[in-house]
Amino acid sequence: MATFTQRLLNSVAPIWERTHRHPFVTGLGDGSLPVESFKFYLKQDYVYLIDYAKLFAIASTKADDLATSAKFAALQEATLHHEMELHRQYAARFGISREELEATQPSFVMLAYTSYMLKVAHQGTLAELVSAVLPCMWSYWEIGKQLAQVDGALDHELYGEWVRTYSSDEFGQLAQWLIGLMDQLAEGKSERELARLEEHFLNTSRMEYLFWEMAYRREMWPCEKN
């Protein structure tokens, strides 16, 4: 019998396949991605990580068992103190200072994406929160593994570190943990509840695609030209 997360994956297959073919993503692998697009991405992703950490904090308070609560609390700590510091160091290689990162204004897509997830987190169940946040971690792992197969991608002077991070066993273990938790939380749910989880997963998968598109075009707001 297929797991619930397999159902989720099947429901977004066309979107994820399109994401894997996006020029930002393929450009990370073959090195063709314009540096200015990656710099735009780094700054927007830094803003994203701030809200991402908040999602883990909310998840920790909504967890029913101590182990899950502690895991989410640890993820928040790691995001705020480890991942963001690595992000700052990586950005510095592109001439982006900490001050510039922290002064970054969110793009329309970034704002819409994290606002949606935070709304789900505050108003919904832990299962809903996980279904909304899962596409980010899971899709990054899938992209990382795919790009790691491209000749030279792991050693590229600019983007190799990104590929190595998201194709790593350490990151894969986190993704697998969250996938497993989603399946666990889906157990015993009615079809109506499962459909709601699937809706969140679909919506944030769409937002993931739009995030790549936004970064590639370096677009702050669709109604304004950069």
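Looking at Ser60, its side chain never comes within 3.5 Å of a backbone N or O of Ala57 through a donor-acceptor pair. Of the possible donor and acceptor atoms, one in the side chain of Thr61 sits under 3.5 Å from a partner among the backbone N and O of Ile58. For His87 (side chain) and Leu42 (main-chain N/O), a donor-acceptor pair under 3.5 Å exists by modelled atom type. The closest donor-acceptor contact from the side chain of Lys145 to the backbone of Gly172 lies at 3.5 Å or more, if one exists at all. The closest donor-acceptor contact from the side chain of Lys39 to the backbone of Gly95 lies at 3.5 Å or more, if one exists at all.
In this structure the side chain of Asn203 reaches within 4.5 angstrom of the side chain of Tyr116, judged on heavy atoms. Taking 4.5 Å as the limit, every side-chain heavy atom of Gln123 sits out of range of all side-chain heavy atoms of Glu128. Counting heavy atoms from C-beta on, the side chains of Phe56 and Leu80 never come closer than 4.5 Å. Side-chain atoms of Ser107 and Glu219, non-hydrogen and from C-beta on, never get closer than 4.5 Å to each other. The shortest side-chain heavy-atom distance between Tyr46 and Glu102 falls under the 4.5 Å cut-off.
Linking Ile, Leu, Val, Met, Phe, Trp and Tyr residues whenever their side-chain heavy atoms come within less than 4.5 Å leaves Val150 and Leu154 in two separate clusters.
In this view, His22 and Tyr209, Tyr216 satisfy the ring pair (Phe, Tyr, Trp, His ring centres under 6.0 Å) rule, not counting sequence neighbours.
Distance check: Arg206 CZ to Ile15 CD1 gives 5.5 Å after rounding to the nearest 0.5 Å.
By the 4.0 Å N-to-carboxylate-O rule, Glu191 lies close enough to Arg7 to be salt-bridged with it. A salt bridge does not link Arg196 with Glu193: every distance from a Lys NZ or Arg NE/NH1/NH2 to an Asp or Glu carboxylate oxygen is 4.0 Å or more.
Ser139 and Trp16 are not linked by any side-chain donor-acceptor pair at a separation below 3.5 angstrom, with hydrogens and angles left out of the test. A donor and an acceptor atom, one from each side chain of Gln89 and Glu85, are located under 3.5 Å apart.
The ring-ring contact (aromatic ring centres under 6.0 Å, His included) test with Phe24 is passed by exactly one of Phe40, Tyr159, Trp212: Trp212.
Between Phe171 and Trp141, the ring center distance fails the sub-6.0 Å criterion.
Classified by interplanar angle (parallel below 30°, tilted 30° to 60°, perpendicular above 60°), the ring pair Tyr41/Phe211 is perpendicular.
Sorted by first and then second residue, the pairs that involve residues 166-188 and meet side chain to side chain donor-acceptor pair (under 3.5 Å), not counting sequence neighbours, are Thr5-Asp183.
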